[in-house]
There are 2 protein chains.
Amino acid sequence: MSTPGPRRITIKDVAELAGVGVATVSRVLSGGSASAETRERVLDAATKLDYRPSALGRNLRQQRSGGVALLVPDITDGFYARLCDGVLSCARSYREPVTIGVTGDDAEQEADLVGGLLEQSMDRIIAVPSGDGEMWASVVRAGLNVVFADRRVWSAGQHARTLDEVPAVLSDDRSGLRTAIEYLTGLGHRKIGFLARQGMNQRVAAFREVMGDLLDEDLVVFARASRDSAYAAAAGLFQRRADLTAVIAGGNMLGEAAVLAARELYVRIPRDLSLIMFDDVPWAELCSPPLTVIAQPASDVGYRAAELVLRHGRRPRTVSLPTELIVRSSCGPRR
Amino acid sequence: MSTPGPRRITIKDVAELAGVGVATVSRVLSGGSASAETRERVLDAATKLDYRPSALGRNLRQQRSGGVALLVPDITDGFYARLCDGVLSCARSYREPVTIGVTGDDAEQEADLVGGLLEQSMDRIIAVPSGDGEMWASVVRAGLNVVFADRRVWSAGQHARTLDEVPAVLSDDRSGLRTAIEYLTGLGHRKIGFLARQGMNQRVAAFREVMGDLLDEDLVVFARASRDSAYAAAAGLFQRRADLTAVIAGGNMLGEAAVLAARELYVRIPRDLSLIMFDDVPWAELCSPPLTVIAQPASDVGYRAAELVLRHGRRPRTVSLPTELIVRSSCGPRR
DNA sequence: AATGATGATGGAATCGTTTCCATGAGCACT
DNA sequence: AGTGCTCATGGAAACGATTCCATCATCATT
């Protein structure tokens, strides 16, 4: 069926043509020391033969496969798509392949995925973590090079130490939220709701903190990862609490759900309800009315995380990227 | 710094504990023949030691690394994000890791990426191809297992044969376009424009064909992959041809650009201009006015493509998935 | 001149798996 | 009893790189 084909060019061929040993070729090609003359001969031979080192051989020897793994909850969500894009673009400049896995914000799936990566001897992971600290702690202790992006796992119990060591690139939810809430209170709003997705602990915590006395725990609701669940959460909140005058959606899917639910229930934005959404997606401007948003540097988060995991130099504990309130037309004064 | 740690459990350890040779262990674990008793002993030993085969060793021996590569123009585009999601979800059920690369619809970057994959000895690629046939033909001849998704490369010259053999999963642009154009002509439109992105040859060809006598070549315009370019193309078209009464956007980024440009230029949709967009994204419904779209089964395209490349059974040449016109409010009668 | 330090070099081991091949046992048939 | 067949089995050879280690040359220092 398939012809034997031309044998792959190996380091041995290069060594032979250059009249040196394989060890020397390896050294030259990976930047080790060698005399100028030898170096030239080797390089010559390599180009003449169009030699491409096999990642397979290298990987086995080094007991680690190259490349980076990236775990996100949902690649279909514009925010994570941009985050991926950032990672991809950084990894590209290092010529490192990126393996992507979708966790669906589910601890079990995440653990599964990580298991697969372990089997592949992947030792660099960028993750938007969903699972419990237990699992991540064990991964870190196994010597894997982990960087968290967008959120980190809560240090719990005995693993606190291990997990606090893990670098993370986050967007500064708190400051964005603060600006947003100040903006809303400035417009007279007092009953402000928050639409969250499970796993958004950090963001919710920031909301609670910034709201301070104004906080009404009954106004923060959680949805699962699906669109339907987001819609249900939004619709439920709107119906349950007629006194609600403003709401902050914790992500673009939540925002979408809020707009839809509002429309369905004849709640007019911004007349009856002011809406601010986390994450500035292209359609926020196309929406009717154009949505006021807290813009997040999704792509930068990914890029920086990739840098952290790839450069591997001195590692700052955690970096926090600024968010920005972009005012459009979805907020109005309290009526 | 790092402790030597417990040595990895290898097949040799299992063999020793089970009192058999490594060859036997390998056979048992990969479903070869062995006596019932031996099989049990091996399986026992493996679980007792919590043995995980190393993908590295296997890969080197088999001269191919597992997993699938996926090349898309832009992961930030909702359509391709869904396509990725489909691939990911299929690959998951085969426990195969997926490596994603972004081509930016650029032949050179694509070739670069493919080079990287070659180096990794990846031999299964799902691609939304951007590059020339030359390159893909050589990849296919090198024995790689390629499946095209969303579009295929045009068979040119001597490579026609090779490339026609490559399976592809496409969405049936033609039928969707036909319905859309019939819908528009039914509303009285005659001057119908098409906003395309470079590389959308197939879709443009379908447009030309379906339009037949109505086709005005001056009304089909091309943009590059960026948002800005899409906006420029749309705005340019709207300004240049005041007699335009309807336009079809070849993708969601083009549609977005069209809405924005129209708004900017005080072109009212659907009063002054009817708009139909390829791809039903969540925000199409949130847009003002809600957009009439040609829905594409992006996720299915990805899923089927992954199936094709992974199952590798008898391979149908090409499969075409249906598209559907979803009428909302962005089209009106010609004025 | 003897000694030591430095640097370039190549042979060989190593990584963990799959697979080729030879061996030997068991069995049926002549 | 001898022959041939089918199995299960294990040793050993790949796969292609990196890297340890020993060797040797060169040069400076005492």
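Because the structure is a prediction, the values reported are computed rather than measured. Residue numbers begin at 1 in each chain, while the letters A, B, ... track the order of the sequences.
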Worksheet item: Between A:Val128 and A:Thr103, does a side chain to side chain contact (heavy atoms under 4.5 Å, CB included) hold up when you go through it step by step?
Response: CA-CA 9 Å; A:Val128 179; A:Thr103 64; over 6 Å; no
Worksheet item: Judged by modelled atom types alone, do B:Ser130 and B:Asp105 share a side-chain donor-acceptor pair under 3.5 Å?
Response: yes
Worksheet item: Do B:Arg92 and A:Gln109 meet the criterion of a side-chain donor-acceptor pair at a distance under 3.5 Å?
Response: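 Yes, side-chain donor-acceptor contact under 3.5 Å.
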Given atom [atom1] of [X] and atom [atom2] of [N], what is their separation to the nearest angstrom?
{"X": "B:Glu37", "N": "D:dC7", "atom1": "CD", "atom2": "C1'", "result": "15 Å"}
{"X": "B:Tyr51", "N": "C:dG16", "atom1": "OH", "atom2": "P", "result": "10 Å"}
{"X": "B:Lys12", "N": "D:dG11", "atom1": "NZ", "atom2": "P", "result": "11 Å"}
{"X": "A:Leu49", "N": "D:dG16", "atom1": "CG", "atom2": "C1'", "result": "15 Å"}
{"X": "B:Arg39", "N": "D:dC7", "atom1": "CZ", "atom2": "C1'", "result": "14 Å"}
{"X": "A:Ile11", "N": "D:dT18", "atom1": "CD1", "atom2": "C1'", "result": "8 Å"}
{"X": "A:Leu29", "N": "D:dG16", "atom1": "CG", "atom2": "P", "result": "16 Å"}
{"X": "A:Gln120", "N": "C:dT17", "atom1": "CD", "atom2": "C1'", "result": "14 Å"}

Does [X] reach a base, just sugar-phosphate, or nothing at all? Heavy atoms under 4.0 Å.
{"X": "B:Ser54", "answer": "sugar-phosphate"}
{"X": "B:Ala23", "answer": "base"}
{"X": "B:Thr38", "answer": "sugar-phosphate"}
{"X": "B:Ser33", "answer": "sugar-phosphate"}

Response to the item:
Ranking D:dG16, C:dT9, D:dT9 by distance to the side chain of A:Thr24, first place goes to C:dT9
Practice prompt. Consider the side chain of B:Ser35, meaning its heavy atoms from C-beta on, and name the nucleotide among C:dT18, C:dA12, D:dA8 that approaches it most closely.
Written response: D:dA8
Discussion item. Does C:dT18 have its OP1 or OP2 closer than 4.0 Å to a side-chain nitrogen or oxygen of B:Ser26?
Written reply: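 The answer is yes; a side-chain N or O of B:Ser26 sits under 4.0 Å from OP1 or OP2.
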Discussion item. Working to the nearest 0.5 angstrom, can you tell me the gap between B:Asp132 CG and B:Trp136 CH2?
Written reply: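 That separation rounds to 10.5 Å.
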Item to complete: Report the C-alpha distance between A:Leu71 and A:Val102 in whole Å, list the side-chain angles of each, state the deciding distance to 0.1 Å, and finish with yes or no for side chain to side chain contact (heavy atoms under 4.5 Å, CB included).
Response: CA-CA 6 Å; A:Leu71 262 31; A:Val102 170; over 6 Å; no
Please list, one pair per line, the donor and acceptor atoms closer than 3.5 Å that link side chains of residues 11-27 of chain B to other protein atoms, with sequence neighbours excluded.
unit_1, atom_1, unit_2, atom_2, d
B:Asp13, OD1, B:Arg7, NH2, 3.3
B:Asp13, OD2, B:Thr10, N, 2.8

Item to complete: Take A:Arg82 and A:Asp150 through the test salt bridge (Lys or Arg N to Asp or Glu O under 4.0 Å) and record every step on the way to the result.
Response: CA-CA 12 Å; A:Arg82 272 149 52 219; A:Asp150 182 50; over 6 Å; no
Practice prompt. Pull out every residue in residues 55-66 of chain B that has a heavy atom closer than 4.0 Å to any atom of DNA chain D, ordered by number, or say none.
Written response: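 B:Leu60, B:Arg61, B:Gln63, in order of number.
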Worksheet, complete the sentence: When B:Arg27 and B:Pro53 are each assigned the nearest nucleotide of DNA chain C, the 5'-most assignment goes to B:Pro53
